[in-house]
Amino acid sequence: MCYAIAFFYCHFLLINRRIAPMEPVITRFAPSPTGYLHIGGARTALFNWLFARHHGGAFVLRIEDTDQVRSTEESVKAILDAMEWLGMDWDAGPFYQRERFDLYEDFLRRLLDSGHAYHCDCSPEDLDARRKAAMAEGRKPKYDGRCRDRNLGPGAHRVVRFRCPDGGATVLNDLIKGPIFFENAELDDLVLRRSDGIPTYNFAVVVDDITMNISHVIRGDDHVNNTPRQILIYQALGEPLPLFGHVPMILGPDRARMSKRHGATSVMAYKEMGYLPQSLINYLVRLGWSHGDQEIFSVGELIEKFTLEAVGKSASVYNPEKLLWLNGHYIKESNPQELASLLQPFLEALGYPHREPEYVARAAHTLQQRSKTLVEMAESMSYYMLDEIACDEGAAKKFLKGSMADPFRRIVQALEEAEHFDEPSLEKIFERVIVTDLNMKFGKVAQPVRVALTGGTVSPGLFEVMAVLGKATVLKRMRKALAYMEQEGEN
RNA sequence: GUCCCCAUCGUCUAGCUCGGUCCAGGACACCGGCCUUUCACGUCGGCAACACCGGUUCAAAUCCGGUUGGGGACGCCA
């Protein structure tokens, strides 16, 4: 019976929507400034942003700071910084709920006047005790309605509660999950205004979404149960409903809700770890959303292709390895000049001396295929950046043998005479000296040269490295290695 | 405990709307071959899933019911 009514209601909503399409599209991201922007929040923001951009609508940023105790200005700044880094620009805001208290009062007045709200003087301690008792007896821990009909006026230590209908059902016609039915009897008389006069979240969001003309409320799954209460408030106010879309949660590897203990959850931590914003965007959008088999999306493509219909219903597990892979992909795709400037803070952090951006770009270019983060790339660049390289002792012992002294001497000599120091020329020189003159395999000398030049056994192709380093540096390092080998030879 | 949601490879997912084209496709990770001056990149190949039970049907990953499992919500937090 209830379902029949609910179904009918849904049908009504659908028809209604077709007749009066909600134009224009206005979405919002409404974080509470109680910490940094985390992965989950960023994805919610992203979906809202993409949806608005896709429809040529507006994206609003609103700071939900009604929690006086936990909200901080640093958090606001951290969130804005992260939004900016990810490239999600907003068309209006940021709005602060603290600055809108008068507005909430107006709406509260309407509810009070129409009898949809009432004052309540139950103390928090008392409520807590009653909730616990109800739980213990297996009853729903909802407000028991004690003050409902006491006709209390305003006063100190009194809150304002919403008078929830006793019967009937409320339908949430979710854009992602489909219709969801709630018995109103399950809902309770939620607090709209605290005893200190500050509105609660559930009331403030409704007022804000109404007054900001939000057409689509796209938010986390964890808000599903709040939605019927909010719908009831809209109805009590006689205001039209926005459309709701609840996106599934992001879980940690243990399938529990993502939290700090699952590792880095702060967006900005990824910046510090040398991730590119487009990697995070691309990774995040694919958690819950897909477009056939495609994995790589530019932001432009996302705006073009993003729809709520393609968002899945089930929660997804956060997988940092795939993000790493994507970052490697975008590093390969980046142009070296850009990379060089992005690299700058990481190079400085490692204490390398300053080098020309053009030089850094050429060095970075040789490492694009083998770096998954900017941090990794910066670390790999030590032999490009430092004058005195640190040589791995094991590698030196193994490869800088006395038997290599002769080939090295010849290489040095040939290099000294070299007119051009580009890759093809260098390759020709080595070909001549090693293969033709000495009848040796290039592979024989490659590792020793690599150790001489980079101090280690892992690096980009030798000719690439030499071309970047330049004649003077190459010769200096080759001679130094030669000296080491001659010394070894004597022992 | 009550309410709500979800359920395809280890993970992200395609397919489910319109049941046969799916002994289930792609990607990450993993394993192996090739390429090769190291490491990577690239490339080729491999491993690996429709949670379970029942129903509807000539036919079910796709529809229905139940079970189990997982998640979320039950605040004068958001």
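The chains referred to below are lettered A, B, ... by the order of the sequence lines, with proteins before strands, and numbering in each begins at 1. Computed from heavy atoms alone, side chains included, the values below leave out hydrogens, waters and symmetry copies.
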- Figure out the NZ/P separation between A:K398 and B:rC39, and round it to whole Å. 10 Å
- Which nucleotide sits closest to the side chain of A:N319: B:rC3, B:rU11, B:rU13? B:rU11
- Task: Would you mind classifying the nucleic acid contact of A:S371 as base, sugar-phosphate or nothing, using non-hydrogen atoms under 4.0 angstrom?
- Result: nothing
- Any A:R219 side-chain N or O less than 4.0 Å from OP1/OP2 of B:rA78: no
- Item | Below 4.0 Å: OP1/OP2 of B:rA14 and any side-chain N or O of A:S290 | yes
- Item | Pairing partner of B:rC74 (Watson-Crick or G-U wobble, both distances under 3.5 Å) | B:rG1
- Query: Atom CD of A:E464 and atom C1' of B:rU36: how far apart are they, to the nearest Å?
  - Reply: 13 Å
- Scan A:H223 against the nucleic acid and name what it touches under 4.0 Å (heavy atoms): base, sugar-phosphate only, or nothing. base
- Assign A:L287 to base, sugar-phosphate, or nothing according to its heavy-atom contacts below 4.0 angstrom with the strands shown. sugar-phosphate
- Task: Measure the acute angle between the ring planes of A:H246 and A:F244, then classify it against the limits of 30° and 60° as parallel, tilted or perpendicular.
- Result: parallel
- Message: Looking at A:R161 and A:D189, would you say the former's side chain and the latter's main chain have a donor-acceptor pair under 3.5 Å?
- Response: yes
- Task: Using only heavy-atom distances, decide whether a donor-acceptor pair under 3.5 angstrom links the side-chain of A:D293 to the base of B:rG25.
- Result: yes
- Message: Taking any heavy-atom pair under 4.0 Å as a contact, classify A:R70: base, sugar-phosphate, or nothing.
- Response: base
- When the distance from CZ of A:F297 to P of B:rG26 is rounded to whole Å, what number comes out? 17 Å
- Message: Base, sugar-phosphate or nothing for A:N226? Non-hydrogen atoms, less than 4.0 Å.
- Response: base
- B:rC4, B:rA40, B:rC76: which one has an atom nearest the side-chain heavy atoms of A:R370? B:rA40
- Under 4.0 angstrom between A:S123 side-chain N/O and B:rC76 OP1 or OP2: no
- Message: Both A:T34 and A:D254 contact RNA chain B. Taking the nearest nucleotide for each, which residue is further toward the 5' end?
- Response: A:D254
- Query: Rounded to whole angstroms, how far apart are CD on A:E427 and C1' on B:rU36?
  - Reply: 12 Å
- Query: Rounded to the nearest Å, what distance is computed from the CD atom of residue A:Q447 to the P atom of nucleotide B:rU37?
  - Reply: 11 Å
- Task: Going by the side chain to side chain contact (heavy atoms under 4.5 Å, CB included) test, name the single residue among A:V267, A:L324, A:L374 that passes it with A:Y275.
- Result: A:L324
- Query: Could you give the CD-to-P distance, from A:Q97 to B:rA78, as a whole number of Å?
  - Reply: 8 Å
- Message: Which residue is it: A:L308, A:V311, A:L50? I am looking for the one with a side chain to side chain contact (heavy atoms under 4.5 Å, CB included) to A:I218.
- Response: A:L308
- Task: Name the nucleic acid region contacted by A:V191, choosing base, sugar-phosphate or nothing; use a 4.0 angstrom heavy-atom cut-off, strictly under.
- Result: sugar-phosphate
- Look at the side chain of A:S195 and the base of B:rC76, then say whether one donor and one acceptor between them are separated by less than 3.5 Å. yes
- With a non-hydrogen cut-off below 4.0 angstrom, is A:E295 in contact with a base, only sugar-phosphate, or nothing? base
- Message: Below the 4.0 Å mark, does B:rU11 have OP1 or OP2 next to a side-chain nitrogen or oxygen of A:R255?
- Response: yes
- How is A:C120 classified with respect to the nucleic acid when contacts are heavy atoms under 4.0 Å: base, sugar-phosphate, or nothing? nothing
- Message: What contact category does A:T457 fall into here, base, sugar-phosphate, or nothing, at under 4.0 angstrom with non-hydrogen atoms?
- Response: base
- Give a yes or no answer on whether the side chain of A:N327 reaches the backbone of A:L276 with a donor-acceptor pair at less than 3.5 Å. yes
- Where the side chain of A:K322 is defined as all heavy atoms beyond and including C-beta, which of B:rA78, B:rA29, B:rA27 is the nearest nucleotide? B:rA27
- Touch class at under 4.0 angstrom, heavy-atom based, for A:F463 against every strand present: base
- Query: Which one, B:rG71, B:rA73, B:rC76, comes nearest to the side chain of A:V159?
  - Reply: B:rC76
- Can you name the one residue among A:F29, A:W289, A:F306 that meets ring-ring contact (aromatic ring centres under 6.0 Å, His included) with A:F47? A:F306
- Task: For B:rG75, take OP1 and OP2 only and decide whether either is under 4.0 Å from a side-chain N or O of A:R131.
- Result: yes
- Among the nucleotides B:rU38, B:rC3, B:rC76, which one has an atom lying closest to any side-chain atom of A:S459? B:rU38
- Choose from B:rC3, B:rC28, B:rC41 the nucleotide whose nearest atom is closest to any side-chain atom of A:Q369. B:rC41
- Query: What does A:P31 touch in the nucleic acid at a heavy-atom separation under 4.0 angstrom: a base, only the sugar-phosphate, or nothing?
  - Reply: nothing
- What's the closest nucleotide to the A:R450 side chain, out of B:rA7, B:rA14, B:rU38? B:rU38
- Task: Go through B:rG1, B:rC76, B:rC12 for me and flag the one nearest to the A:M135 side chain.
- Result: B:rG1
- Taking the side chain of A:V317 as heavy atoms from C-beta outward, which of B:rU11, B:rU13, B:rU37 is closest to it? B:rU11
- Item | Sugar-phosphate only, base, or nothing, as touched by A:K332 at under 4.0 Å among non-hydrogen atoms | sugar-phosphate
- Query: Closer to the 5' end of RNA chain B via nearest nucleotide, is it A:L323 or A:G288?
  - Reply: A:G288
- To the nearest angstrom, how far is A:H329 atom NE2 from B:rC12 atom P? 22 Å
- With the side chain defined as heavy atoms from C-beta on, A:M249 is closest, among B:rG72, B:rC76, B:rC12, to B:rG72
- Flag the pair A:D208 and A:R28 as a salt bridge only when some basic side-chain nitrogen lies within less than 4.0 angstrom of an acidic carboxylate oxygen. no
- Donor-acceptor contact present, side-chain A:N282 to main-chain A:F297, <3.5 Å: yes
